[in-house]
Amino acid sequence: MASIDLKPASNFIRNIIAEDQETGKWDGRVQTRFPPEPNGYLHIGHAKSICINFGLAAEFKGRCNLRFDDTNPTKEEQEYVESIKADVRWLGFDWEDREFYASDYFDTLYAFAVDLIEKGKAYVDSLSAEEIRSYRGTLTEPGRESPYRNRTVAENRDLFERMRNGEFPAGECVLRAKIDMASPNLNMRDPVMYRILFASHHRTGDKWCIYPTYDFAHGQCDSIEGITHSICTLEFEDHRPLYDWFLDALEIHHPRQIEFARLNLTRTVLSKRKLIRLVEEGYVTGWDDPRMPTLSGLRRRGYTPQAIRNFCERIGVARRDSTVDMALLEYCLREDLNRTAPRVMAVLRPLKVVIENYPENHTEMLKAVNNPEDPGMGTRQVPFSREIYIERGDFMEDPPKKFFRLSPGREVRLRYAYFITCVGVVKDEKTGEVKEVRCTYDPATRGGDAPDGRKVKATLHWVSAPQAFDAKVRLYDYLLNETSEPDAGKDTPEFKERINPDSLTVLSGCKLEPGLAGALPENRYQFERLGYFFVDPVDSAPGAPVFNRTVTLRDTWAKIQKQSRG
RNA sequence: UGGGGCGUCGUCAAGUGGUAAGACACAGGAUUUUGGUUCCUGGAUUCGGAGGUUCGAAUCCUCCCGCCCCAGCCA
């Protein structure tokens, strides 16, 4: 089936590149990169960046590199590079043979540093970390120059080499750029270029005991890779003058940096720090918990790469801070799943219905359509018998005016089966709870059409009791409750107070049509009238699938109920 | 109170001097064996505010207001 790739809409980065192509600024070349730090899992905010970088490169017949910014061995691990690669691949992007690491360039970066020392533009500082901080000044006051700032080139060269040789303990000294301690831009107040870290690196092992800072590495890595458009988020805008300074001082290729606003989403968190707290404090089961906005979480929830890519195209790219409504993500998901997911009948909260005038010990097979949106997906047979299950919520003994499902005396259609009429209920004597509904059926309505043309207001899904397959189903809801503050500003309650205690509901004994016994991990289905479900690849066992609700169907009735409740 | 950004419908977002795209959400209606899908229809006399330039401004100028980022040897 044709996919639903959207035509690109105008955004300022696309416009810049298009203009560069027209003017031949980069000789028609477009080279971007997605530069994650391998210190955590990717989330949907990263997906935005991935789609921008890989998407723009593809659109303009360019290339996009995958580069790991692994300059801090104390935080980075191989496990993360593997998960990042898996996530980017899953999203549908291919970096071919262009898998790079900042650590690939450590030798070059070291040479760059020496070059700056030779040019008198870098020096070894022996101030402590605390001293450097206090010498830096504040937002409103200029900093002071380090007493070590005017060491000779020879001395700096010697000291830096000794740093590299491991002659100093961590923290003893650092290499700094000699720029301007009075700059109103704090990034220009002699930033640290190299620090001593006796940590083994996931790729270079113990080869180095000094590591470049992000600020000294990022721009040069982009330069080395011949990046034309260095796309990053807004918080790096203040660093741009510094990157420019390094590139100019080093006299090397100078990419153009373009900043855009990071993604924020309602009803969830996207900051790495908060995500870690959710995991570590046990609010979720892990980084791939289906409630998490991580790509691994969304994948396990049942999201499709196509839906996420379309979402990223629809949200646009701009420089203003914004928070996208989760409803848009869900819209993109349903749009994709509606076309592709086979329909099936499943009763989550079963209520038994006995059809009094249907023969006992009899079973017949009825034809059901697999996907009304795609006739090519064919049909299947489902069993029907005297006892069936319907959804508890589809029956009301004393219904309000707008409820038009089953209730005493009312006739409804059982999808693909018969019209049935409620003729009575059986209640628990003590609690008054409805235990069973008694109905009669009209044999003339087989398949769901009345020959006399009479209409019915509702069509219910159902599952034949004797053949029903029992399974566990998990219903997921948003991680966070709604906030009255539209934008998560300073005055919003601490996010933990907003955590939704009902983000997970586990249902067992759900009644599914028998064909689902063979559901395989990662299969997707639409449970008619309920939503889209995904067979969990971790918790399912052969013959015992566990279904995760990916997203509900749009539910007008639920909306009406919510409104009438006030 | 230093520097850097940003303010267009409830939420995203086009638009860059010629008279406010689109999407989601929302509200009506039609079709429907999923209260699903699909399909119509409705909505900013107005672009943070106030002045100014101009025949004409969301787009140019001035002032003001609000929000975000920066004081890691994190990225």
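Proteins get letters first, then strands, A, B, ... in listed order; numbering begins at 1 in each. What's counted below: heavy atoms across the whole structure, side chains too, no hydrogens, waters or symmetry copies.
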Check: Can a donor-acceptor pair under 3.5 Å be found between the side-chain atoms of A:Glu235 and the base atoms of B:rG4?
Finding: no
Notebook entry, point to check: Just checking A:Arg415: base, sugar-phosphate only, or nothing, at a heavy-atom cut-off of under 4.0 Å?
Noted result: base
Next item on the list: For RNA chain B, produce a single dot-bracket line, 5' to 3'. Pairs: Watson-Crick or G-U wobble, both distances under 3.5 Å. Symbols: ( ) within strand, [ ] crossing, | other strand, . unpaired.
Entry: .(((((((.[[[..)..(...]]].(((((.......))))).....[[[[[..)....]]]]])))))).....
Margin query: Without decimals, in angstroms, what is the distance between A:Asp325 CG and B:rC9 C1'?
Written below: 14 Å
Check: Using a cut-off of 4.0 Å on non-hydrogen atoms, how would the nucleic acid contact of A:Pro35 be classed: base, sugar-phosphate, or nothing?
Finding: nothing
Item checked: A:Tyr303: side chain to side chain donor-acceptor pair (under 3.5 Å) partners, not counting sequence neighbours -> none
Note to self: So that I can tick it off, tell me whether A:Lys178 and A:Glu145 are bridged by a salt bridge, with the cut-off set at under 4.0 angstrom between side-chain N and carboxylate O.
What the structure shows: no
Note to self: Among residues at least two apart in sequence or on other chains, which ones pass salt bridge (charged side-chain N to carboxylate O under 4.0 Å, His left out) with A:Arg380?
What the structure shows: A:Glu513
Notebook entry, point to check: On a whole-Å scale, what distance lies between the P atoms belonging to B:rU62 and B:rA27?
Noted result: 45 Å
Checklist line | Rounded distance in Å - CG (A:Asn264) to P (B:rC68) | finding: 12 Å
Notebook entry, point to check: Is the shortest side-chain N/O distance from A:Arg320 to OP1 or OP2 of B:rC12 below 4.0 Å?
Noted result: no
Margin query: Heavy atoms only, 4.0 Å cut-off, all strands: where does A:Tyr194 land among base, sugar-phosphate and nothing?
Written below: nothing
Item checked: Counterpart residues, ring-ring contact (aromatic ring centres under 6.0 Å, His included), relative to A:Tyr525 (two or more places apart) -> none
Next item on the list: Give a yes/no on whether any side-chain N or O of A:Thr459 is located under 4.0 angstrom from OP1 or OP2 of B:rU32.
Entry: no
Margin query: Check A:Glu330 with A:Arg554, please: is the shortest side-chain N to carboxylate O separation under 4.0 Å?
Written below: no
Check: Going by the ring-ring contact (aromatic ring centres under 6.0 Å, His included) test, which pairs reach into residues 171-197 of chain A, not counting sequence neighbours?
Finding: A:Phe160-A:Tyr194, A:Tyr194-A:Phe216
Check: What is the distance from CD1 of A:Ile231 to C1' of B:rA75, rounded to the nearest Å?
Finding: 18 Å
Note to self: Between A:Tyr243 and A:Asp222, do the side chains contain a donor N or O and an acceptor N or O under 3.5 Å apart?
What the structure shows: no
Notebook entry, point to check: NA contact type, A:Asn187, heavy-atom cut-off 4.0 Å: base, sugar-phosphate, or nothing?
Noted result: nothing
Next item on the list: For B:rA25 and B:rG18, measure between their P atoms and round to the nearest Å.
Entry: 33 Å
Notebook entry, point to check: Mind checking the P distance from B:rA57 to B:rG5? Whole angstroms is fine.
Noted result: 28 Å
Margin query: So A:Leu127, base contact, sugar-phosphate only, or nothing? Heavy-atom distance under 4.0 Å.
Written below: base
Note to self: Taking A:Met326's backbone N and O only, do any of them form a donor-acceptor pair with A:Thr266's side chain (distance below 3.5 Å, no angle check)?
What the structure shows: yes
Next item on the list: Scan A:Asp70 against the nucleic acid and name what it touches under 4.0 Å (heavy atoms): base, sugar-phosphate only, or nothing.
Entry: nothing
Notebook entry, point to check: For atom C1', what is the distance between B:rC65 and B:rG51, given to the nearest Å?
Noted result: 14 Å
Notebook entry, point to check: With a 4.0 Å cut-off on heavy atoms, is A:Ser128 in touch with a base, just the backbone sugar-phosphate, or nothing at all?
Noted result: base
Next item on the list: Please list, chain by chain and in numerical order, all residues satisfying side chain to side chain donor-acceptor pair (under 3.5 Å) with A:Asp555, sequence neighbours excluded.
Entry: none
Checklist line | Interatomic distance at C1', B:rG66 relative to B:rA20, whole Å | finding: 23 Å
Notebook entry, point to check: What pairs with A:Tyr80 under side chain to side chain donor-acceptor pair (under 3.5 Å), at least two apart in sequence or on another chain?
Noted result: none
Next item on the list: Give the intermediate values and the outcome of side-chain contact (heavy atoms from CB on, under 4.5 Å) for residues A:Asp374 and A:Arg339.
Entry: CA-CA 7 Å; A:Asp374 182 4; A:Arg339 304 156 35 251; over 6 Å; no
Notebook entry, point to check: Does the base of B:rG3 carry an N or O that pairs as donor and acceptor with the side chain of A:Asp238 under 3.5 Å?
Noted result: yes
Item checked: Atom-to-atom span, NE2 of A:His461 to P of B:rU32 - whole angstrom -> 23 Å
Note to self: For B:rA13 and A:Arg319 - does any side-chain N or O of the residue sit under 4.0 Å from the phosphate oxygens OP1/OP2?
What the structure shows: no
Note to self: Please classify the nucleic acid contact of A:His239 as base, sugar-phosphate, or nothing, using heavy-atom distances under 4.0 Å.
What the structure shows: base
Notebook entry, point to check: Going by number, which of residues 210-217 of chain A have a non-hydrogen atom under 4.0 Å from RNA chain B?
Noted result: A:Thr213, A:Tyr214
Notebook entry, point to check: Any Lys/Arg nitrogen of A:Asp449 or A:Arg454 sitting under 4.0 Å from an Asp/Glu carboxylate oxygen of the other?
Noted result: no
Next item on the list: Would you classify A:Ala129 as touching base, sugar-phosphate or nothing, given that sugar-phosphate means primed atoms plus P, OP1 and OP2, and contacts are heavy atoms under 4.0 Å?
Entry: base
Notebook entry, point to check: With sugar-phosphate meaning primed atoms plus P, OP1 and OP2, does A:Ile315 contact a base, only sugar-phosphate, or nothing at under 4.0 Å between heavy atoms?
Noted result: sugar-phosphate
Note to self: Checking A:Pro184 now: which residues fulfil side chain to side chain contact (heavy atoms under 4.5 Å, CB included) with it, not counting sequence neighbours?
What the structure shows: none
Note to self: Please report the distance separating the C1' of B:rA21 from the corresponding atom of B:rU16, rounded so that it comes out in whole Å.
What the structure shows: 15 Å
Margin query: Mind checking if A:Ser322 touches a base, just sugar-phosphate, or nothing, with heavy atoms under 4.0 Å?
Written below: sugar-phosphate
Check: Considering residues at least two apart in sequence or located in another chain, which fulfil the side chain to side chain donor-acceptor pair (under 3.5 Å) criterion with A:Thr379?
Finding: none
Check: Which is true for A:Arg413 with a 4.0 Å heavy-atom rule: it touches a base, it touches only sugar-phosphate, or it touches nothing?
Finding: base
Next item on the list: Using a 4.0 Å heavy-atom cut-off across all strands, classify A:Leu460 as base, sugar-phosphate, or nothing.
Entry: nothing
Item checked: Side chain to side chain, A:Arg410 and A:Phe403, heavy atoms closer than 4.5 Å -> yes
Check: Starting at the 5' end of RNA chain B and moving along, which residue's nearest nucleotide shows up first, A:Glu37 or A:Phe12?
Finding: A:Phe12
Margin query: When you measure only distances, ignoring hydrogens and angles, does the side chain of A:Gln526 come within 3.5 Å of the base of B:rU34 through a donor and an acceptor?
Written below: yes
Notebook entry, point to check: Tell me: CZ of A:Arg189 to P of B:rG4, nearest whole Å?
Noted result: 13 Å
When you compare the protein's N or O atoms with those of nucleotides 18-23 of chain B, which come within less than 3.5 Å of each other, and at what distance?
none

Next item on the list: Could you work out the separation of B:rG52 and B:rU41 based on their P atoms and round it to a whole Å?
Entry: 41 Å
Check: With no angle test and no hydrogens, is the base of B:rU34 tied to the side chain of A:Arg343 by a donor-acceptor pair under 3.5 Å?
Finding: yes
Note to self: Suppose you measure atom C1' in B:rC61 against the same atom in B:rU53; what distance do you get, rounded to whole Å?
What the structure shows: 7 Å
Next item on the list: Would you check if the distance from the ring center of A:Phe236 to the ring center of A:Tyr214 is below 6.0 Å?
Entry: yes
What does the list of N/O pairs under 3.5 Å between the protein and nucleotides 39-42 of chain B look like, with a distance for each?
none

Checklist line | First of A:Ala417 and A:Leu234 reached from the 5' end of RNA chain B, by closest nucleotide | finding: A:Leu234
Notebook entry, point to check: Checking all strands, does A:Lys75 fall into the base, sugar-phosphate, or nothing category for heavy-atom contacts under 4.0 angstrom?
Noted result: sugar-phosphate
Next item on the list: Check whether any side-chain heavy atom of A:His218 sits under 4.5 Å from a side-chain heavy atom of A:Arg67, and report yes or no.
Entry: yes
Check: Taking the side chain as C-beta and beyond, is there a heavy-atom pair between A:Met365 and A:Val382 under 4.5 Å?
Finding: no
